[in-house]
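A note on names: the letters A, B, ... follow the listed sequences, proteins ahead of strands, and every chain is numbered from 1.
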Number of protein chains: 2
Amino acid sequence: MTQEKSEFLKGTLDMLILKVVALGPIHGYAISQRIQQISRDFFQVHQGSLYPALHRLEDRGWLQAEWKDTDTGREAKFYTLTRRGRKQLEAELLNWERLSDAVALILRTAE
Amino acid sequence: MTQEKSEFLKGTLDMLILKVVALGPIHGYAISQRIQQISRDFFQVHQGSLYPALHRLEDRGWLQAEWKDTDTGREAKFYTLTRRGRKQLEAELLNWERLSDAVALILRTAE
DNA sequence: GCATATAGGTAGGAGTCCTAGGCATAAAGG
DNA sequence: CCTTTATGCCTAGGACTCCTACCTATATGC
């Protein structure tokens with residue numbers, strides 16, 4: 001089955017998560033909602049993508065998790081950026097800029 | 001082993017190939033060189049990515065192949081876009097635009 | 001009492017890209 | 001003449017990411 005979904009994240013998910021977490025402590029479920037909201041529904045982060053990604057980023061030492069209560073009095077895992085996570089975010093931002101510049105170079109080539 | 005290469009194509013390879021082929025009939029090896037040149041060496045399309053991608057695009061009916069002689073008198077498989085390939089390219093261009101816009105929305109979010 | 005939203009998770013498969021190899025011929029350098 | 005390099009095509013296998021489809025549990029709304 002071919003991937004045709006327009007929401008396909010194209011490897012940007014890690015960067016998007018790091019960026020959203022950089023805005024302040026936030027739990028997983030809220031991260032996916034934030035990404036969807038801010039992107040005006042372009043991105044839809046499915047739970048099967050979200051949670052493995054969070055565990056991945058935590059394993060790599062970029063995110064730190066802590067169980068806390070939400071506003072509504074429920075338990076949730078709140079994530080914060082580590083120092084290394086902040087560095088990683090900067091690296092990914094730079095790489096994304098270069099990538100999209102490189103793509104633009106090719107797309108603008110008219111001969 | 002983690003993927004850390006900055007040349008990582010992030011799912012853009014199909015679009016880039018379609019775009020380069022849209023510029024005129026060209027063979028596989030030259031496609032990878034073109035992409036590397038135009039992107040100022042940011043993208044490096046390895047042969048293990050290139051040829052499977054070309055076969056994929058041909059299987060989907062977006063590219064058409066024909067054996068011809070190069071300038072230097074060697075045989076090579078020249079690719080051209082089919083009508084469906086042209087449509088696909090336009091769809092991918094639009095999707096790329098939307099994707100990068102959506103990413104930009106999130107990256108510019110300062111709170 | 002039951003559906004929906006919130007909040008966490010896993011398993012399995014599909015798809016893409018990479019490394020590492022193989023094959024063949026032409027040009028260039030010693 | 002012979003060996004290296006560039007050109008040109010290809011595949012196998014593994015790593016990684018993302019998706020669908022499932023599971024669990026609690027709070028809220030009807």
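The backbone N or O of L105(B) sits nowhere less than 3.5 Å from a side-chain atom of R40(A) that would complete a donor-acceptor pair. Although no hydrogens or angles enter the test, the distance criterion places a donor-acceptor pair under 3.5 Å between the side chain of T82(B) and the main chain of W62(B). Under the 3.5 Å distance criterion, the side-chain polar atoms of S49(A) are left unmatched by any main-chain donor or acceptor of V45(A).
Counting to the nearest Å, the C1' atom of dT6(C) and the CD atom of Q33(A) are 8 Å from each other. Atom CG of D69(A) is separated from atom P of dA7(C) by 11 Å (rounded to the nearest Å). Atom NZ of K10(A) is separated from atom P of dA14(C) by 21 Å (rounded to the nearest Å). Look at OH on Y51(A): it is 12 Å from C1' on dT24(D), rounded to the nearest Å. When rounded to the nearest whole Å, the span between CG of D14(B) and P of dT16(C) equals 6 Å. Atom NE2 of H27(B) and atom C1' of dC10(D) are 15 Å apart (whole Å). The distance between atom CG of L50(B) and atom P of dG21(C), rounded to the nearest whole Å, is 20 Å. Look at CZ on F8(A): it is 7 Å from C1' on dT17(D), rounded to the nearest Å.
Taking only side-chain atoms of T72(A), from C-beta outward, the nucleotide of dT10(C), dG21(C), dA7(C) with the closest atom is dA7(C). Nearest to the side chain of Y29(A), among dG8(D), dC19(D), dG8(C), sits dG8(C). When each of dG8(D), dA7(C), dG8(C) is scored by its nearest atom to the side-chain atoms of T70(A), the top-ranked nucleotide is dA7(C). Here dC18(C) is the nucleotide among dA7(C), dT7(D), dC18(C) with the atom lying nearest to any side-chain atom of H46(B). For H55(A), taking side-chain heavy atoms from C-beta onward, the closest of the listed nucleotides dC18(D), dA7(C), dG9(C) is dG9(C). Considering only side-chain atoms of R56(B), the nucleotide from dG22(C), dC17(C), dC18(D) that sits closest is dC17(C).
By the neighbour-count criterion of 12 heavy atoms within 6.0 Å, atom CZ of R56(B) is densely surrounded, having more than that number from other residues, nucleotides or ligands.
Base contact: G48(A) has a heavy atom under 4.0 Å from a base atom. In this structure, G28(A) reaches the sugar-phosphate backbone alone: every heavy-atom distance under 4.0 Å involves primed, P, OP1 or OP2 atoms, never a base.
When all heavy atoms of G28(A) and L54(A) are compared, the closest pair comes out as CA-CD1, 3.7 Å.
If S49(A) and E75(A) are placed on DNA chain C by their nearest nucleotide, the residue sitting closer to the 5' end is E75(A). Residues R74(A) and Y79(B) both approach DNA chain D. Their nearest nucleotides, taken by heavy-atom distance, put Y79(B) toward the 5′ side.
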